[in-house]
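Here is the structure we will look at, set down as structure tokens.
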Amino acid sequence: MEDIRAGIIKALEQALYRAREAGEIGFEQIPAITLEVPREKQHGDFATNIAMVMAREARQAPRLLAEKLVACFEREGTWVKEIQVAGPGFINLTLDHRWLYPLLPVVQLADTGYGGSRVGAGKRVQVEFVSANPTGLLHMGNARGAALGDTLANLLKMAGFSVEKEFYINDTGNQIENFARSLEARYLQLLGREVSFPEEGYHGEDLVETMQGLIDQAGDKYLRMDPGLRRELLVKYALTEKIRAIRDTLERFGVFYDVWFSEQTLHDSGAVQETLEELQKNGYVYEHEGALWFKGTAFGEEKDEVLVRSNGVPTYYAADIAYHKNKFDRGFDWVINIWGADHHGHVSRMKNAVQALGYEPDELSVILMQLVRLFQGGEIVRMSKRTGQYITLEELMGEVGKDAARFFFVMRSADSHLDFDLDLAKSESAENPVYYVQYAHARICSILRTARDAGHQVPRVAAGDCDFSVLADPSELALMRKIADLPDEVIRAVTQLEPHRIARYALDLAALFHSFYTNCRVLTGEPSLRNARLLLVDDSRIVLRNVLNWLGLTAPERM
RNA sequence: GCGCCCGUAGCUCAGUGGAUAGAGCACUGGUCUCCGGAACCAGGUGCGCAGGUUCGAUUCCUGCCGGGCGCACCA
């Protein structure tokens with residue numbers, strides 16, 4: 001695919017040089033030639049706007065220029081069958097459809113590796129996502145982040161990057177203080193003491209359960225303890241419990257991390273302090289009213305930010321800067337964070353700090369994802385019956401299952417608000433896009449089973465030996481073309497940080513397969529046609545399965 | 001007030017500066033003697049408004065309108 005593209009571009013360049021030698025066109029340098037895939041099929045397999053781009057410098061009308069270029073174009077070795085000028089000056093290229101056939105054995109051979117590339121070879125990338133507060137349960141926003149982050153990590157791996165997935169545990173700070181007081185209140189209440197619950201505390205039912213669990217294990221022994229020590233021990237117990245619960249839920253959601261990173265360790269190791277000193281050394285820190293401030297205004301921010309409060313306690317910002325320093329010091333070439341849109345103000349602040357420490361801010365990417373709203377029966381679903389809080393990921397999986405949940409979250413662009421339709425996700429029918437894609441896979445497996453039972457194997461063909469010219473139906477060519485596009489799609493999804501493209505790809509591919517299935521009978525009596533189609537079907541299976549796996553969905557053989 | 005995201009078909013959303021802007025759902029009609037009907041095919045006066053840049057703008061820039069979210073010695 002890439003070779004073919006590069007070959008055509010080279011041939012176009014040579015045509016331009018030839019035209020110049022013949023005195024037909026004048027130019028200094030050829031601008032970068034891009035080949036796009038036209039929306040309209042009639043416009044061929046590729047199109048280029050090079051004549052329009054060069055029109056001004058060459059002082060010629062785009063169409064005229066295009067015609068001269070076409071006249072000098074040599075097709076030799078490019079698969080180009082037709083080349084013509086169209087519209088305001090486009091050059092449309094139609095390929096001999098035989099260019100697709102060598103792909104068929106390639107997919108078969110690559111198998112689980114098909115769709116991969118080496119654009120990220122030698123580069124280490126870290127994806128940090130979810131990083132939910134360990135004070136409660138995972139909600140819809142966390143779930144969206146989990147689906148996006150995990151899929152993105154899978155795609156990065158396919159693109160050749162070395163990838164690490166990380167969960168940052170916010171296990172210190174004000175919220176933990178608050179968590180401690182909430183736990184203490186629940187603990188005391190469960191043991192019959194009349195204590196009021198902190199106004200700003202964590203009201204979720206899950207804290208009651210957590211403390212009941214502790215009481216079942218350890219009884220009332222914390223009752224007579226010094227309150228400070230008691231809170232410390234309650235938090236320690238609850239954090240372990242909560243983090244385990246979060247990890248369990250994520251694993252059931254199909255998300256596994258390489259590293260669980262504790263914020264507390266940054267304080268304990270002195271990393272926060274070192275980071276502050278470095279910032280100070282670089283001249284970005286000053287003292288004011290007893291607090292230490294970061295000069296955000298030096299980077300065009302509206303105001304400066306507190307790093308260390310006047311009571312001596314570092315802010316979350318200070319810890320987060322230390323955390324990002326730590327990431328870069330671990331040698332990552334690219335650091336990707338997935339945050340809720342409510343943290344957007346933090347993005348430029350973080351990049352500023354990264355720069356202030358002498359790192360390259362462009363090596364930090366942040367994907368901001370917009371809010372998730374749940375819909376059922378056309379109404380917004382806000383509260384969870386069980387916890388009185390927002391619906392949890394656990395409950396969502398119980399309602400619609402892992403596959404539907406993951407697909408729905410990853411199907412939309414991160415920066416669009418996501419309306420999650422519970423009824424649609426639950427429906428086991430045609431209108432559910434998840435089943436549509438999975439059904440295509442199951443259908444393929446069924447065809448292959450039937451073929452095997454009849455004694456027909458998928459042919460194994462060497463790459464050089466593949467005349468599949470019997471595959472010429474438009475639906476067959478469209479399907480092959482889509483399969484050919486996969487590596488490019490992955491690269492695009494990764495470089496644009498848009499994993500939702502792959503969900504669209506899965507839907508498109510499934511549609512093309514269903515269409516092919518309707519138009520072309522696979523198990524025919526004609527052996528060469530049957531063999532060619534069996535290979536195409538098996539390749540479709542491979543591609544669908546790969547894509548479903550990257551999205552974190554199962555690829556069922558029956559359903 | 002300042003900042004970020006969004007505004008595309010009845011609904012939910014895709015869309016790489018390009019030619020006739022797409023998909024799913026919903027609705028209507030049709031296809032199938034056979035490999036899985038959870039399928040396929042057909043049916044559409046839609047890019048919030050106004051400027052600007054460009055040969056060309058849904059896409060880039062500015063302003064406005066509408067929706068969401070931020071703007072703590074919270075995280």
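Numbered from 1 within each chain, the chains take letters A, B, ... in sequence-line order.
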#### Entry: Nucleotide nearest Arg443(A) (side chain, heavy atoms from C-beta), chosen from A19(B), C74(B), A39(B)
A39(B)
### Task
Go through G18(B), C35(B), A72(B) for me and flag the one nearest to the Lys303(A) side chain.
A72(B)
### Task
State whether a side-chain donor-acceptor pair under 3.5 Å links Thr172(A) with Glu263(A).
no
### Message
Checking salt bridge (charged side-chain N to carboxylate O under 4.0 Å, His left out) between Asp488(A) and each of Arg5(A), Arg501(A), Lys482(A), which is the one that passes?
### Response
Arg5(A)
Go ahead and name the base partner of [N]; Watson-Crick or wobble counts if both distances stay under 3.5 Å, otherwise write none.
N: U59(B); answer: none
N: C69(B); answer: G3(B)
N: U20(B); answer: none
N: A38(B); answer: none
N: A9(B); answer: none

Given atom [atom1] of [X] and atom [atom2] of [N], what is their separation to the nearest angstrom?
X: Leu418(A); N: C6(B); atom1: CG; atom2: C1'; value: 13 Å
X: His417(A); N: C11(B); atom1: NE2; atom2: P; value: 17 Å
X: Met140(A); N: C69(B); atom1: CE; atom2: C1'; value: 19 Å
X: Arg144(A); N: U12(B); atom1: CZ; atom2: P; value: 15 Å
X: Asp342(A); N: A75(B); atom1: CG; atom2: P; value: 14 Å
X: Tyr202(A); N: A75(B); atom1: OH; atom2: C1'; value: 8 Å
X: Arg504(A); N: G24(B); atom1: CZ; atom2: P; value: 10 Å
X: Asn92(A); N: U20(B); atom1: CG; atom2: C1'; value: 14 Å

### Message
Need to verify one output field. Residue with the more 5' nearest nucleotide on RNA chain B, Gln370(A) or Tyr439(A)?
### Response
Gln370(A)
### Query
Of Ser446(A) and Arg412(A), whose closest RNA chain B nucleotide lies nearer the 5' terminus?
Arg412(A)
### Query
With sugar-phosphate meaning primed atoms plus P, OP1 and OP2, does Met411(A) contact a base, only sugar-phosphate, or nothing at under 4.0 Å between heavy atoms?
nothing
Looking only at side-chain N and O atoms, does [X] come under 4.0 Å of OP1 or OP2 in [N]?
X: Ser416(A); N: G7(B); answer: no
X: Asn49(A); N: G18(B); answer: no
X: His500(A); N: G15(B); answer: yes

#### Entry: Shortest non-hydrogen contact from Thr34(A) toward Thr48(A)
O-OG1, 3.1 Å
### Task
Report yes if a donor N or O on one partner sits less than 3.5 Å from an acceptor N or O on the other, where the partners are the side chain of Thr315(A) and the base of C73(B); otherwise report no.
no
#### Entry: Polar pair under 3.5 Å, donor/acceptor by atom type, side chain His343(A), base G70(B)
no
### Summary
The side chain to side chain contact (heavy atoms under 4.5 Å, CB included) partner of Leu374(A) among Asp421(A), Ile391(A), Asp419(A) is Ile391(A)
### Message
Using a 5.5 Å cut-off between ring centres and planes within 30 degrees, is Tyr436(A) stacked on the base of G24(B)?
### Response
no
### Query
Parallel, tilted or perpendicular: which fits the ring planes of Trp339(A) and His346(A), with parallel below 30° and perpendicular above 60°?
tilted
#### Entry: Cation-pi geometry met for Arg481(A) and Phe46(A) (6.0 Å, 45°)
yes
